[in-house]
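Below you'll find the structure, written out as structure tokens, and then a few comments.
Numbered from 1 within each chain, the chains take letters A, B, ... in sequence-line order. All values below come from the heavy atoms of this structure, side chains included, with hydrogens, waters and symmetry mates left out.
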Amino acid sequence: MTIRTRFAPSPTGFLHVGGARTALFCWLHARANRGAFILRIEDTDLERSTPESVQAILDGMDWLGLDCDEGPFYQTQRFERYAEVADRLLNEDKAYLCYCSRERLEKLRKRQMDAGIKPRYDGKCRHLESTPEDIKPVVRFSNPKIGMVSFNDLVRGRISISNTELDDLVIARPDGSPTYNFTVVIDDMDMQITHVIRGDDHINNTPRQINIYQALGAEAPVFAHVPMILGSDGARLSKRHGAVGVMQYRNDGYLPQAVLNYLVRLGWSHGDQEVFSRDEMVSLFSIEDVNRKAAAFETDKLDWLNQHYMKVLPTAEVADHLAWQFADQGINPEAGPALENVVSVQAERVKTLRDMAVQSRVFFEDYVEFDPASAKKHLRLVAEHPLESVLAKLEALEDWSVEPLHQVIDDVATELDLGMGKVAQPLRVALTGSGVSPSIDKTLWLMGKRRSLDGIGRALKFIQARRSENVQG
RNA sequence: GCUCCCUUCGUCUAGCGGUCCAGGACGCUGCCCUCUCAAGGCAGAAACACGAGUUCGAUUCUCGUAGGGAGCGCCA
């Protein structure tokens, strides 16, 4: 039998990292077993579901490269099917109509809580003599009263629960709309899902779903409950932890490869290996190797992976992602060096593509003014001669590439009997306006001849102005 | 309250009874390299929640305790 997995988000917001990791595990399990990955949108909550959220989820999946083989299917388009199955259960006496008011249910719940027992429906309407005329009933599933439900979870092992802990859950509301535990079962059954991989917040739902499968005469799929992702404070990941939407990571300058790699290592491992290409993930992944413990999301390691991928991925590929950041930062990529060159120089200096864009702006736009501290420290009178010397040599230089540029600086330092720092630092400030930039030869290279010469000219003027001040003072 | 689940360095994890005075990675600290910042190299600090069993032997198996999480909806 071919393996079929599904990812079934409800469209009430963007795709967050927890959902993304669940989706990744589902996708991997399908791909690793040459099976099918199905996407199903659980949009039965008409109040909270929005088309924007559907799109946001699709965008997130797309960005991560989690392609599905079937779907997306929408539950709202399957209402007839749910109603049909509910009727069947009703006819077979495996479900019944319940006329209990919410008020009665409230009281019941409270009484049970007070008595120290688990609140559950008492089955009042299970064998009703007469049916009230004026109340629209809900449909309840007749859960078995005795026995145990037991299943072998692929990540947790055997999980058992007594039927006495379960109650007759509502499967259809008065208006006929189905509820969650009912729709998942029918969908997974109809879509022939073999492996249900989902968050461990669903563990408690599983036994009652298994009972529904049995009532339907269907075989339950294999379950695998993966742990939740916690925020860095140890609490369950939520909106207040900031960038939990997957697309936010794109905006913040992370590569999808890095996010994927980070996510897969959160709860799953393969020996001591830390870096996995997509192909490696597929060939090495096994759902049974997933950890049981909830994991905390730490950005430090994501940063490291992101930089790693910026360094090792083909520069052209990284450059494509960098282009997005340039657009986002309002920097014209045409006004400077090729983005591939920027990547090759900057990758080892920044953690994110956004930082790369921000710190590369100076190669595309003239800086506005010198950083005061750097200028004060390095654009001194003693720097005038070295800068003039560099300027003269650069003007004459025809091959504007790293090697010869390095040679120029070297020559000036030797000729003037100065350390590299005495030449490079003033030059750096002249070129970029600040005291921090890539190595001086590469800075010149990215800067280009025109912008470099202009910068040195500005620095020289600055120094001259400073001298006249000194003379006056 | 009840039921279910979880528990190795700060964090992610390896470990599937002896190979563990517990290994890797991120982060952190120090040193080296060095034109700034990085990157890189080397070194270092840092963990089996606790208590009983089982066993010749427990990080590894069982049971308790403590702590954490989830569920108990006409939400998904």
> Between B:rU36, B:rC5, B:rU3, which nucleotide has the shortest distance from any of its atoms to the side chain of A:Asn204?
Replying inline: B:rU3
> Are there more than 12 heavy atoms of other residues, nucleotides or ligands under 6.0 Å from atom NZ of A:Lys422?
Replying inline: no
>> Base, sugar-phosphate or nothing for A:Gly435? Non-hydrogen atoms, less than 4.0 Å.
In response: base
> Does the B:rG27 base have a donor-acceptor partner in the side chain of A:Glu298 within less than 3.5 Å?
Replying inline: no
> Partner of B:rA25 by Watson-Crick or G-U wobble geometry, both contacts under 3.5 Å, or none?
Replying inline: B:rU11
> What interatomic distance, in whole Å, is found between P of B:rG67 and the corresponding atom of B:rC50?
Replying inline: 15 Å
>> Among B:rC35, B:rU11, B:rC2, which nucleotide has an atom closest to any side-chain atom of A:Ser439?
In response: B:rC35
>> Without decimals, in angstroms, what is the distance between A:Asn205 CG and B:rA76 P?
In response: 11 Å
> Atom CZ of A:Arg156 and atom P of B:rG71: how far apart are they, to the nearest Å?
Replying inline: 13 Å
>> Tell me whether A:Thr179 contacts the main-chain N or O of A:Val170 through its side chain, where contact means a donor paired with an acceptor under 3.5 Å.
In response: yes
> With both distances kept under 3.5 Å, what pairs with B:rU60, Watson-Crick or G-U wobble?
Replying inline: none
>> Can you check the distance between B:rG24 and B:rC63, where both ends of the measurement are the P atom (answer in whole Å)?
In response: 33 Å
> On the ring face of A:Phe370, is A:Arg458 found with NZ or CZ under 6.0 Å from the centre and within 45° of the axis?
Replying inline: yes
> Take atom CG in A:Asp417; do more than 12 heavy atoms of anything else shown fall under 6.0 Å from it?
Replying inline: no
> Nearest of B:rC4, B:rA38, B:rG23 to any side-chain atom of A:Arg349?
Replying inline: B:rA38
> For atom C1', what is the distance between B:rC6 and B:rU65, given to the nearest Å?
Replying inline: 15 Å
> Can you tell me if A:Asp411 and A:Gln407 form a side-chain donor-acceptor pair at under 3.5 Å?
Replying inline: yes
>> Both A:Glu348 and A:Ala172 contact RNA chain B. Taking the nearest nucleotide for each, which residue is further toward the 5' end?
In response: A:Glu348
> Under 4.0 Å: is that the gap between some side-chain N or O of A:Ser269 and OP1 or OP2 of B:rA14?
Replying inline: yes
>> Strictly by Watson-Crick or wobble contacts shorter than 3.5 Å, is anything paired with B:rA45, and which nucleotide is it?
In response: none
> Is atom NZ of A:Lys442 surrounded by more than 12 heavy atoms (other residues, nucleotides or ligands) closer than 6.0 Å?
Replying inline: no
>> Using side-chain hydrogen bond (donor to acceptor under 3.5 Å, both in side chains), reason through A:Ser437 and A:Thr443 one step at a time and then give a plain yes or no.
In response: CA-CA 7 Å; A:Ser437 85; A:Thr443 298; 2.9 Å; yes
> Taking only side-chain nitrogens and oxygens of A:Asn291, does any of them come within less than 4.0 Å of OP1 or OP2 of B:rU7?
Replying inline: no
> In terms of the nearest nucleotide of RNA chain B, which residue is placed more toward the 5' end: A:Arg158 or A:Ala296?
Replying inline: A:Arg158
> Taking a pair as Watson-Crick or G-U wobble with both distances under 3.5 Å, which nucleotide is matched to B:rU3?
Replying inline: B:rA70
> Reckon A:Pro438 touches a base, only the sugar-phosphate, or nothing at all at heavy-atom distances under 4.0 Å?
Replying inline: base
> When we call it a touch if two heavy atoms are under 4.0 Å apart, what does A:Thr183 touch: a base, just sugar-phosphate, or nothing?
Replying inline: nothing
> Taking atom P in both B:rC2 and B:rC28, what distance in whole Å separates the two?
Replying inline: 45 Å
> Taking only side-chain nitrogens and oxygens of A:Lys311, does any of them come within less than 4.0 Å of OP1 or OP2 of B:rG40?
Replying inline: yes
> With a 4.0 Å cut-off on heavy atoms, is A:Arg292 in touch with a base, just the backbone sugar-phosphate, or nothing at all?
Replying inline: sugar-phosphate
>> Nearest to the A:Ile440 side chain among B:rC12, B:rC35, B:rC74, which nucleotide is it?
In response: B:rC35
>> Less than 4.0 angstrom between a side-chain N/O of A:Thr179 and OP1 or OP2 of B:rC74, yes or no?
In response: no
> Taking only N and O in the side chain of A:Lys377, is any of them less than 4.0 Å away from OP1 or OP2 of B:rU36?
Replying inline: no
> Can a donor-acceptor pair under 3.5 Å be found between the side-chain atoms of A:Arg428 and the base atoms of B:rC35?
Replying inline: yes
> Does B:rA39 have a Watson-Crick or wobble mate here (both distances under 3.5 Å), and if so which one?
Replying inline: none
> Can you tell which of B:rU36, B:rA39, B:rC74 lies closest to the side chain of A:Gln307?
Replying inline: B:rA39
> Can the ring centres of A:His202 and A:Tyr180 be said to be less than 6.0 Å apart?
Replying inline: yes
> Base, sugar-phosphate, or nothing for A:Lys442, non-hydrogen atoms under 4.0 angstrom?
Replying inline: nothing
>> Over all strands shown, is A:His225 touching base, sugar-phosphate only, or nothing at heavy-atom distances under 4.0 angstrom?
In response: nothing
> Can a side chain N or O of A:Arg109 be found less than 4.0 Å away from OP1 or OP2 on B:rG73?
Replying inline: yes
> For A:Lys293 and B:rG69, is the shortest distance between a side-chain N/O and OP1 or OP2 below 4.0 Å?
Replying inline: no
> Can you tell me how far P of B:rC35 sits from NZ of A:Lys422, to the nearest Å?
Replying inline: 12 Å
> In terms of side-chain heavy atoms of A:Asp272, which of B:rC35, B:rG1, B:rA14 is nearest?
Replying inline: B:rA14
>> Under 4.0 Å, heavy atoms only, any strand: does A:Gly419 hit a base, just the sugar-phosphate, or nothing?
In response: nothing
> Rounding to the closest angstrom, what is the interatomic distance between B:rU62 and B:rG1 at atom C1'?
Replying inline: 28 Å
>> From C-beta outward on A:Asn181, which listed nucleotide comes closest to its side chain: B:rC26, B:rC2, B:rA76?
In response: B:rA76
>> With rounding to the closest Å, how many angstrom separate the P atoms on B:rC9 and B:rA14?
In response: 12 Å
> Between B:rG41 and B:rA22, how far is it from one C1' atom to the other, in whole Å?
Replying inline: 26 Å
> Tell me: CD1 of A:Ile161 to P of B:rC5, nearest whole Å?
Replying inline: 8 Å
>> How many whole angstroms separate atom CZ of A:Phe297 from atom C1' of B:rG10?
In response: 17 Å
>> From C-beta outward on A:Gln425, which listed nucleotide comes closest to its side chain: B:rA76, B:rA39, B:rU36?
In response: B:rU36
> Within 45° of the ring axis of A:Tyr121 and under 6.0 Å from its six-membered ring centre, is that where the NZ or CZ of A:Arg140 lies?
Replying inline: yes
>> Need one value for A:Val170: base, sugar-phosphate or nothing, where a base atom within 4.0 Å counts as base even if backbone is also close, heavy atoms only.
In response: sugar-phosphate
> What integer number of Å spans the P atoms of B:rC37 and B:rG30?
Replying inline: 14 Å
> Which nucleotide sits closest to the side chain of A:Ala295: B:rG23, B:rU13, B:rU36?
Replying inline: B:rU13
>> Can you tell me which nucleotide in B:rC74, B:rC35, B:rU3 comes closest to the side chain of A:Lys118?
In response: B:rU3
